[in-house]
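These notes are about the structure you will find just below.
Heavy atoms only: backbone and side chains are in, while hydrogens, waters and symmetry mates are out.
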Protein chains: 2
Amino acid sequence: MKAPASAPATGSTAEPQEPRWLTDEEQRVWRSFMEGATLLDDHLDRQLQRDAGMPHVYYGLLVKLAEAPRRRLRMTELAMLAKITRSRLSHAIARLEKNGWVRREDCPDDKRGQFAVLTEEGYEVLRRTAPGHVEAVRQAVFDRLTPEQQKSLGEIMRIIAEGLQPTEAGADLPWLR
Amino acid sequence: MKAPASAPATGSTAEPQEPRWLTDEEQRVWRSFMEGATLLDDHLDRQLQRDAGMPHVYYGLLVKLAEAPRRRLRMTELAMLAKITRSRLSHAIARLEKNGWVRREDCPDDKRGQFAVLTEEGYEVLRRTAPGHVEAVRQAVFDRLTPEQQKSLGEIMRIIAEGLQPTEAGADLPWLR
DNA sequence: GGCCCCTCCTTGAACTTTAAACAAATGGCC
DNA sequence: GGCCATTTGTTTAAAGTTCAAGGAGGGGCC
């Protein structure tokens with residue numbers, strides 16, 4: 001599978017455009033990204049599974065709840081904050097509920113609605129495991145980057161994130177699937 | 001869950017160190033990273049599931065095989081390149097084999113060993129779907145970043161990736177689990 | 001050879017995620 | 001009110017991943 005750096009000129013007929021292949025340098029960037037992201041995900045999943053008994057995504061859900069007013073959020077709202085599908089969230093909350101870390105509550109305003117509420121034990125787990133997790137993130141990311149790189153990383157990833165959640169109607173956003 | 005920007009001084013006794021919480025700015029960087037990575041992963045998984053009938057990771061495996069001499073790699077070698085566990089790879093190759101895109105071959109030198117070999121149909125799938133995938137990556141990432149940002153992203157993610165695969169013996173690397 | 005430890009890879013069960021289908025409630029519109 | 005499209009959240013089954021265990025071969029050492 002070669003990725004030619006320069007594309008041969010194509011005619012202006014109905015033939016398909018020559019794909020805009022990645023240059024060698026772009027390839028290197030892309031691979032570094034995928035490798036870093038894969039390893040980081042694996043690393044943090046492992047750290048949290050070991051120390052908190054849940055995967056990284058679930059931990060992130062508890063954090064969002066802890067930050068929310070009255071430690072509760074509507075399901076769709078939580079899915080949106082976590083950038084996941086409602087289905088995935090339903091399963092996750094069911095599991096966290098079984099652990100006693102979250103409980104569901106009906107929404108008074110909208111009988112379809114459900115709140116996910118962080119329980120006291122859930123908060124306790126977070127308090128107990130947050131220091132270790134922050135430390136893991138520091139060691140893997142922040143301690144290795146200069147302040148300029150940290151800033152740059154933030155800008156870059158924010159651009160990518162925004163690009164993937166267009167405001168237009170009909171956009172394929174996970175929490176609306 | 002608050003993350004104090006400045007930590008109160010702690011005594012030099014046996015009490016646990018005050019965690020090195022993330023500053024507000026670090027928090028923003030970290031969240032942008034997680035959100036961008038999550039959305040990107042979801043986006044590419046979806047694109048490839050739709051157009052190539054397999055998840056992003058599986059697609060990556062085919063690419064690695066296509067680039068390898070004689071389009072084949074030892075299982076552990078492939079796991080290392082893809083930064084995943086051998087178990088995960090075993091399952092993945094089993095699935096790709098069922099699709100006829102990969103076949104296994106015994107290693108003559110080492111009777112424990114297996115080669116994963118890209119079949120002609122596998123190569124064909126790749127040839128057919130690569131343009132669409134490259135385009136998706138461009139749209140989501142490269143088209144949105146300046147050359148400087150691209151360079152920066154490459155450096156940053158390479159640092160993170162390297163940091164997570166230390167050369168020391170006993171390191172917890174996915175492909176050695 | 002025989003022993004032991006390590007490497008290579010697979011397996012099955014438990015867990016997580018995705019995809020598709022669904023019920024119930026809402027809200028706009030007539 | 002009655003209708004209908006949309007929103008909200010869940011459920012089921014299939015697909016993918018992790019975890020723990022294990023079979024089989026390699027390779028050093030006696």
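Listed nucleotides C:dT10, D:dG16, C:dC8 differ in distance to B:Arg112; the shortest reach to its side chain belongs to C:dC8. Listed nucleotides: C:dC9, D:dC19, C:dT18. Nearest to the side chain of A:Ser87: C:dT18. Among the nucleotides C:dA13, C:dT10, C:dT16, the one closest to any side-chain atom of B:Met75 is C:dT10.
A:Asp42 CG to B:Thr85 OG1: the interatomic distance, rounded to the nearest 0.5 Å, is 8.0 Å.
Considering all non-hydrogen atoms of both residues, B:Leu145 and B:Gln150 come closest at O-NE2, 3.3 Å. Smallest separation of non-hydrogen atoms from A:Arg104 and A:Met75: NH1-CE, 4.0 Å. Across every non-hydrogen atom of B:Trp175 and B:Ala79, the tightest pair is CB-CB, 3.8 Å.
One can place CG of A:Leu176 at 16 Å from C1' of C:dA19, the figure rounded to the nearest angstrom. Note: CZ (B:Arg177) to P (D:dA20) measures 11 Å, nearest angstrom. When rounded to the nearest whole Å, the span between CG of B:Asp41 and P of D:dG16 equals 14 Å. Atom CZ in A:Arg86 sits roughly 14 Å away from atom C1' in C:dA24 (whole-Å rounding). In this structure, B:Arg88 atom CZ and D:dT17 atom C1' are separated by 6 Å, rounded to whole Å. Rounded to whole Å, atom C1' of C:dC8 lies 14 Å from atom CG of B:Asp109. In this structure, NZ of A:Lys98 is placed 15 Å from C1' of D:dT10, rounded to the nearest angstrom. Nucleotide D:dT8 holds its P atom 16 Å from the CG atom of A:Asp106, rounded to whole Å.
Phosphate contact (OP1/OP2 of D:dT18, side-chain N/O of A:Arg46, threshold under 4.0 Å): absent. A sub-4.0 Å separation between OP1 or OP2 of C:dT16 and a side-chain N or O of A:Arg95 is present. The side chain of B:Thr76 places an N or O atom within less than 4.0 Å of a non-bridging phosphate oxygen (OP1 or OP2) of C:dC9. Contact annotation: A:Arg104 side-chain N/O to D:dG9 OP1/OP2 distance is not under 4.0 Å. Contact check, B:Arg74 against C:dC9: a side-chain N or O comes under 4.0 Å of OP1 or OP2.
Between B:Asp42 and B:Ser90, the residue whose closest nucleotide on DNA chain C is further toward the 5' end is B:Ser90. Along DNA chain D, the nucleotide closest to B:Gly53 and the one closest to A:Gly113 are compared, and the more 5′ of them pairs with A:Gly113.
No hydrogens or angles were tested; on distance alone, nothing pairs the side chain of A:Thr85 with the base of C:dT18 as donor and acceptor under 3.5 Å. In terms of polar N and O atoms assigned as donor or acceptor, the side chain of A:His91 never comes within less than 3.5 Å of the base of D:dG9 in a complementary pairing.
Within the cation-pi definition used here (under 6.0 Å to the ring centroid, within 45° of the axis), A:Arg71 qualifies as a partner of A:Tyr123.
Ion pairing between a basic and an acidic side chain is recognised when a charged N comes within 4.0 Å of a carboxylate O; B:Arg144 and A:Glu155 show no such pairing.
B:Asp110 comes within 4.0 angstrom of the backbone, heavy atoms only, and of no base. Residue contacts for B:Phe115: at a heavy-atom cut-off of 4.0 Å it reaches no nucleic acid atom on any strand shown.
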